[in-house]
Protein chains: 2
Amino acid sequence: MKKIDIFKKLRSSGLRPTKQRVEIAKFLFERDKTFHFTIESLDKLLAKKTTSRFALATIYNTVHAFKKAGHLSEVDVRGKKTYFDTNISNHHHFYDNETSELIDIDASEVVIQKIPKAPNGKKIKNVEVFINLKN
Amino acid sequence: MKKIDIFKKLRSSGLRPTKQRVEIAKFLFERDKTFHFTIESLDKLLAKKTTSRFALATIYNTVHAFKKAGHLSEVDVRGKKTYFDTNISNHHHFYDNETSELIDIDASEVVIQKIPKAPNGKKIKNVEVFINLKN
DNA sequence: CTCCTAGTTTATAATAATTCTAAAGTAAAA
DNA sequence: TTTTACTTTAGAATTATTATAAACTAGGAG
Ligand SMILES: [Mn+2]
Ligand SMILES: [Mn+2]
Ligand SMILES: [Zn+2]
Ligand SMILES: [Zn+2]
C-alpha cells in the first residue's frame, strides 16, 4: 500500500492524514499478512520500528478511529487487554494460549452444518468460531 | 440443590463452607437455568437478594475459587468486564449486544462440518462458537 | 469444651488498561 | 495569510482487578 493510498484511506474516512496517523497506518496496513495486536504491543513495535514518537493516547485514539472507520476489527480474547486485527473480513481464529497469539482462519475453512435459530425478535449478526489450541 | 449438597460441593473442592461461600454458592447453584454474570452484576444481585454483606474482594475470591474448582466457567465477551457462567459443560453462546446478555446454546445444537487442522505441533483444545445477535 | 492454627474475610491500597481533560500544535479551509 | 476545527499530548481520572495485611472463624487437637 503506497503513501497515496494511505492518504486516500484516511481522507475517505474523514481522518486528516497527520504525521502520526500516516505512520501508524503504514505500519498496520502495509503488510501482506494479517496483523493481530494489542495497544501495548503496537506501542512497543512502533517505538522499535519507527523514529517518530507517539503518545500512548494517540495510539488509543488512532486505533479506535481506524476501528470506527472499519479499517480494523476487534477480537474477543480472554484476558484484560483488547486485541485488534487488520483483517476486517469475516473470519475465525485459532488462539494459542501459550503464546497469546491469534492465527487467522479463513471463513471458507469452517463449514457449519447446523446452528440454532436466533431468539424471538433477534437476528444473527455474525458467527465467530474460536479454536483454542494446546501443545 | 440442598444445603448439604452445597457443603459437599465446597468440602470436596477443599473450600471451607464459610457463611459467605455458602450464601454465594446457594445463589449461584440453586437454580434450574444457566446463570451468566459479571462480578459487578453478582455483587448487586447479592446485595438485593440476600441479607448478608459481602466485601467486593470476597466476591472476587469466591468466584475465582469456584472457577478454579471447576464449578464456574469463564466466557470471552467483548468489553472490559469478565463474564462467568454456571454452565460448565461444553456449550456455545448467543450474545445480545443490545442487552449485553449471554444465552446458552447446547453443544448438540451446533454441528461443524469442516474445520482446519491445528498448526504444527499444536492440538485443538476446544472450539467455541459465539453468535452475535442484532435486532 | 477450649485452644490453636490455617484458612478466610475485609477494608484499603496498588496495579493495569483505558478514557478523559485541557492546553499546545497543526492541517487545511477561507 | 489568517482562521478554525481537528489532533496530539502529558497527565489526571476512571474502571476492573489483584495484592496486602490485620481481624476473624472453622474445625481439629488436646
Ligand atoms: Mn477481551
Ligand atoms: Mn473479556
Ligand atoms: Zn484475525
Ligand atoms: Zn453459558
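Atoms considered below: every heavy atom in the structure, side chains included; atoms not considered: hydrogens, waters and symmetry mates. Chain A is the first sequence line, chain B the second, and so forth, proteins listed ahead of strands; every chain is numbered from 1.
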Nearest whole angstrom, please: distance from the P of C/dT18 to the NZ of A/Lys67.
-> 12 Å
Using a cut-off of less than 4.0 Å, is there contact between a side-chain N or O of B/His64 and OP1 or OP2 of D/dT18?
-> yes
Mind listing the residues from residues 41-49 of chain B sitting with a heavy atom below 4.0 Å of DNA chain C? Number order is fine.
-> none
Please confirm whether A/Arg31 makes a cation-pi placement over A/Phe35, using NZ or CZ under 6.0 Å from the six-membered ring centre and within 45° of the ring normal.
-> yes
Going only through I, L, V, M, F, W and Y residues with side-chain contacts under 4.5 Å, is there a path from A/Val22 to A/Leu72?
-> yes
Are B/Ile112 and A/Val127 in one and the same hydrophobic cluster, where Ile, Leu, Val, Met, Phe, Trp and Tyr link if side-chain heavy atoms are under 4.5 Å apart?
-> yes
Which pairs, protein N/O on one side and nucleotides 9-14 of chain D N/O on the other, fall under 3.5 Å?
from, atom 1, to, atom 2, distance (Å)
D/dT9, OP1, A/Gln20, NE2, 3.1
D/dT9, OP2, A/Ala55, N, 3.2
D/dT9, OP2, A/Thr58, OG1, 2.6

Considering only side-chain heavy atoms of A/Lys81, which listed nucleotide, D/dT7, C/dT9, C/dA17, is closest?
-> C/dA17
Rounded to whole angstrom units, what separation is found between the CG atom of A/Leu10 and the C1' atom of C/dA28?
-> 15 Å
Do B/Ile6 and B/Phe54 share a hydrophobic cluster, counting only Ile, Leu, Val, Met, Phe, Trp and Tyr and linking them when any side-chain heavy atoms are less than 4.5 Å apart?
-> yes
side-chain N/O B/Tyr60 vs D/dT17 OP1/OP2, d < 4.0 Å | yes
Expressed in angstrom and rounded to an integer, what is the separation of A/Arg78 atom CZ from C/dA17 atom P?
-> 18 Å
Return the angle between end axes of the helix from C/dC1-D/dG30 to C/dA30-D/dT1, with five pairs used per end and rounding to 10°.
-> 10°
So, B/Asp85 versus B/His93: side-chain donor-acceptor pair below 3.5 Å or not?
-> yes
If you look only at pairs with a residue in residues 123-135 of chain A, which of them pass as a salt bridge (Lys or Arg N to Asp or Glu O under 4.0 Å), with sequence neighbours excluded?
-> A/Glu128-B/Arg78
Flag the pair A/Phe66 / A/Phe84 as yes when their ring centroid distance falls below 6.0 Å, and as no otherwise.
-> no
With sequence neighbours excluded, tell me which residues meet ring-ring contact (aromatic ring centres under 6.0 Å, His included) with A/Tyr95.
-> A/Phe130
Do you see a donor-acceptor pair shorter than 3.5 Å between the side chains of A/Asp104 and A/His36?
-> yes
Euclidean distance, atom CD1 of residue A/Ile59 to atom P of C/dT18 [Å, nearest integer] = 12 Å
Of the non-hydrogen atoms in B/Ile124 and B/Ala118, which two are nearest, and what is the gap between them?
-> CG1-CB, 4.0 Å
salt_bridge(B/Glu23, B/Lys19) N-O dist < 4.0 Å = no
Once base and sugar-phosphate atoms are separated, protein heavy atoms under 4.0 Å mark nucleotides 24-30 of chain D, 5' to 3', with B, S and - as -BBS---
Please test B/Ile39 against B/Tyr83 for side-chain contact (heavy atoms from CB on, under 4.5 Å), starting from the C-alpha separation and ending with a verdict.
-> CA-CA 8 Å; B/Ile39 297 290; B/Tyr83 278 72; over 6 Å; no
Measure the distance from CD on B/Glu74 to C1' on D/dA16 and round it to the nearest whole Å.
-> 13 Å
Establish, yes or no, whether the cationic atom of A/Lys9 lies under 6.0 Å from the six-membered ring centre of A/Phe29 and within 45° of the ring axis.
-> yes
Please report, rounded to the nearest Å, how far the P atom of C/dT15 is from the CD atom of A/Glu40.
-> 16 Å
Say whether, by atom type as modelled, one donor and one acceptor occur between the side chain of A/His64 and the main chain of A/Thr62 under 3.5 angstrom.
-> no
Separation of C/dT8 atom P from B/Glu23 atom CD, nearest Å, is 17 Å
To the nearest Å, how far apart are A/Lys68 NZ and D/dT7 P?
-> 11 Å
